[in-house]
Amino acid sequence: LNKANKNVKVIRFSRNFGKESAMLAGLKNASGSYVAIMDADLQHTPEMLILMYKKLINDDSFDCCCAYKSNRDEGSLKRTLTSLFYKINNKISDVKLLPGASDFRVFKKSVCDAITSLDEKTRFLKGMFSWVGFNTIYVPYMPEKRMYGTSKWSLFKLLKYSLGGIISFSTKPIKSVFIIGVVALIVGLLNFILMGNLANRTIILFISFIMLQLGIMSLYVSRIYSNILNRPCYIIKEKLGFNDKSSK
């Protein structure tokens with residue numbers, strides 16, 4: 001970096017805290033009217049940033065412009081698992097993701113402020129952008145070939161990241177324990193009524209009640225989890241018809 005350029009601001013960390021933490025630090029320190037996120041491996045081109053910025057200034061109804069991969073140049077296994085992730089996420093998660101959507105995007109400062117207001121520690125930025133609910137326009141792009149080094153995202157890390165993303169915005173997996181508990185109770189009651197051996201019927205019915213109790217506990221755990229995240233109950237995009245005193 002050119003130290004003589006006073007417009008360049010750099011954040012250095014004491015160690016590598018991961019991609020999501022790095023993006024959070026950048027967003028919290030951003031001060032412009034428009035904010036952009038791009039990778040530093042030169043696969044995200046500045047030309048795309050300009051295109052996305054122009055999309056926003058030419059149509060003020062949009063708050064965010066996100067680039068998505070028009071063609072995934074990956075191995076068949078990784079491509080299949082990625083497609084499966086988006087299908088599962090969009091089926092059970094509270095937020096819907098466009099397949100191929102990346103963190104490569106340009107957005108208004110209001111969107112940036114909304115994202116940084118989510119103070120959770122385990123972050124999944126793609127889901128956060130969808131959750132805050134601002135109007136987003138998507139543009140296709142093809143990543144440039146990596147000029148140096150190799151990706152540090154192993155298959156295990158991608159699976160871990162994907163699972164964390166689903167868990168961050170869905171309590172359905174843990175709530176499914178309640179459904180299993182109800183089914184187990186119904187089976188236990190039918191078994192108690194229809195089967196002959198009293199001891200076996202009693203044991204199965206007892207196990208069914210335990211499963212139901214675990215299911216009820218899962219509902220409480222999901223409610224506790226939702227409250228621990230401490231996400232805002234709503235996000236205001238703009239206020240109309242308020243004077244300065246009433247809006248404070």
Side-chain angles (χ1 to χ4, degrees), residues 18-24 27 37-39 43-44 52 62-107 111-112 114-143 151-180 215 218-219 221-235:
K19 179 181 178 180
E20 294 287 334
S21 297
M23 290 190 291
L24 174 62
L27 295 178
I37 295 176
M38 65 183 298
D39 287 350
Q43 290 189 285
H44 294 167
M52 289 191 285
F62 289 105
D63 308 292
C64 176
C65 185
C66 174
Y68 70 93
K69 294 181 180 180
S70 56
N71 183 30
R72 303 190 69 91
D73 185 17
E74 301 168 340
S76 58
L77 176 59
K78 186 176 181 181
R79 186 166 55 250
T80 300
L81 291 176
T82 300
S83 176
L84 183 62
F85 159 72
Y86 283 108
K87 289 180 180 178
I88 294 175
N89 178 86
N90 292 343
K91 186 71 175 179
I92 70 173
S93 178
D94 297 331
V95 299
K96 309 306 176 186
L97 303 176
L98 178 73
S102 67
D103 295 317
F104 187 26
R105 59 184 77 204
V106 179
F107 43 94
V111 180
C112 178
I115 293 294
T116 55
S117 72
L118 306 181
D119 201 28
E120 54 209 74
K121 304 302 180 183
T122 305
R123 304 177 69 82
F124 182 62
L125 197 59
K126 291 179 185 179
M128 289 178 173
F129 272 106
S130 177
W131 188 88
V132 296
F134 288 85
N135 295 337
T136 301
I137 183 173
Y138 294 91
V139 294
Y141 87 107
M142 275 295 295
S151 174
K152 296 180 180 179
W153 283 92
S154 64
L155 185 60
F156 174 77
K157 287 183 178 180
L158 287 172
L159 289 173
K160 182 181 177 181
Y161 181 69
S162 301
L163 181 60
I166 293 174
I167 293 175
S168 294
F169 290 93
S170 178
T171 56
K172 289 182 180 179
I174 193 170
K175 286 180 179 178
S176 65
V177 178
F178 175 74
I179 298 175
I180 294 173
S218 73
L219 297 180
V221 170
S222 66
R223 182 65 60 87
I224 293 170
Y225 173 71
S226 297
N227 282 277
I228 287 176
L229 290 174
N230 200 30
R231 290 173 184 157
C233 295
Y234 58 86
I235 293 174

Exam field: side chain [X] to backbone [Y], donor-acceptor pair closer than 3.5 Å:
{"X": "Ser83", "Y": "Thr80", "result": "no"}
{"X": "Asn90", "Y": "Leu97", "result": "yes"}
{"X": "Ser170", "Y": "Ile166", "result": "no"}
{"X": "Ser93", "Y": "Phe169", "result": "yes"}
{"X": "Glu20", "Y": "Leu125", "result": "yes"}

Please examine the side chains of [Y] and [X], heavy atoms only from C-beta on, and report whether any two atoms are closer than 4.5 Å.
{"X": "Phe104", "Y": "Asp39", "value": "no"}
{"X": "Phe124", "Y": "Tyr161", "value": "yes"}
{"X": "Tyr68", "Y": "Ser102", "value": "no"}
{"X": "Thr136", "Y": "Val111", "value": "no"}

Practice task
Just grab all the salt bridge (charged side-chain N to carboxylate O under 4.0 Å, His left out) pairs involving residues 117-130, residues at least two apart or on different chains.
Solution key: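 For residues 117-130, and leaving out neighbouring residues, the salt bridge (charged side-chain N to carboxylate O under 4.0 Å, His left out) pairs sorted by first residue read Glu120-Arg231.
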
Closest heavy-atom pair and its distance - [X], [Y]:
{"X": "Val95", "Y": "Gly127", "answer": "CG1-O, 3.7 Å"}
{"X": "Arg105", "Y": "Cys66", "answer": "NH2-SG, 3.3 Å"}
{"X": "Cys112", "Y": "Leu27", "answer": "SG-O, 3.3 Å"}
{"X": "Ala101", "Y": "Tyr86", "answer": "O-OH, 3.5 Å"}

Can you measure from [atom1] ([X]) to [atom2] ([Y]) and round to the nearest 0.5 angstrom?
{"X": "Asn89", "Y": "Leu163", "atom1": "CG", "atom2": "CG", "value": "11.0 Å"}
{"X": "Thr116", "Y": "Leu118", "atom1": "OG1", "atom2": "CG", "value": "8.0 Å"}
{"X": "Ile92", "Y": "Thr171", "atom1": "CD1", "atom2": "OG1", "value": "9.5 Å"}
{"X": "Thr82", "Y": "Leu159", "atom1": "OG1", "atom2": "CG", "value": "9.0 Å"}
{"X": "Lys96", "Y": "Lys91", "atom1": "NZ", "atom2": "NZ", "value": "8.5 Å"}

Practice task
Any chance you could lay out the side chain to side chain contact (heavy atoms under 4.5 Å, CB included) test for Phe107 and Ile37, step after step, and finish with the verdict?
Solution key: CA-CA 9 Å; Phe107 43 94; Ile37 295 176; 4.0 Å; yes

Practice task
Check whether more than 12 heavy atoms from other residues, nucleotides or ligands sit under 6.0 Å from atom NZ of Lys87, and answer yes or no.
Solution key: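 Atom NZ in Lys87 is not packed in, count stays at 12 or less.
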
Practice task
Apply side chain to side chain donor-acceptor pair (under 3.5 Å) to Asp103 and list each qualifying residue two or more places apart in sequence or on a separate chain.
Solution key: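 Testing Asp103 for side chain to side chain donor-acceptor pair (under 3.5 Å), a comparison that skips the adjacent residues, returns Lys19.
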
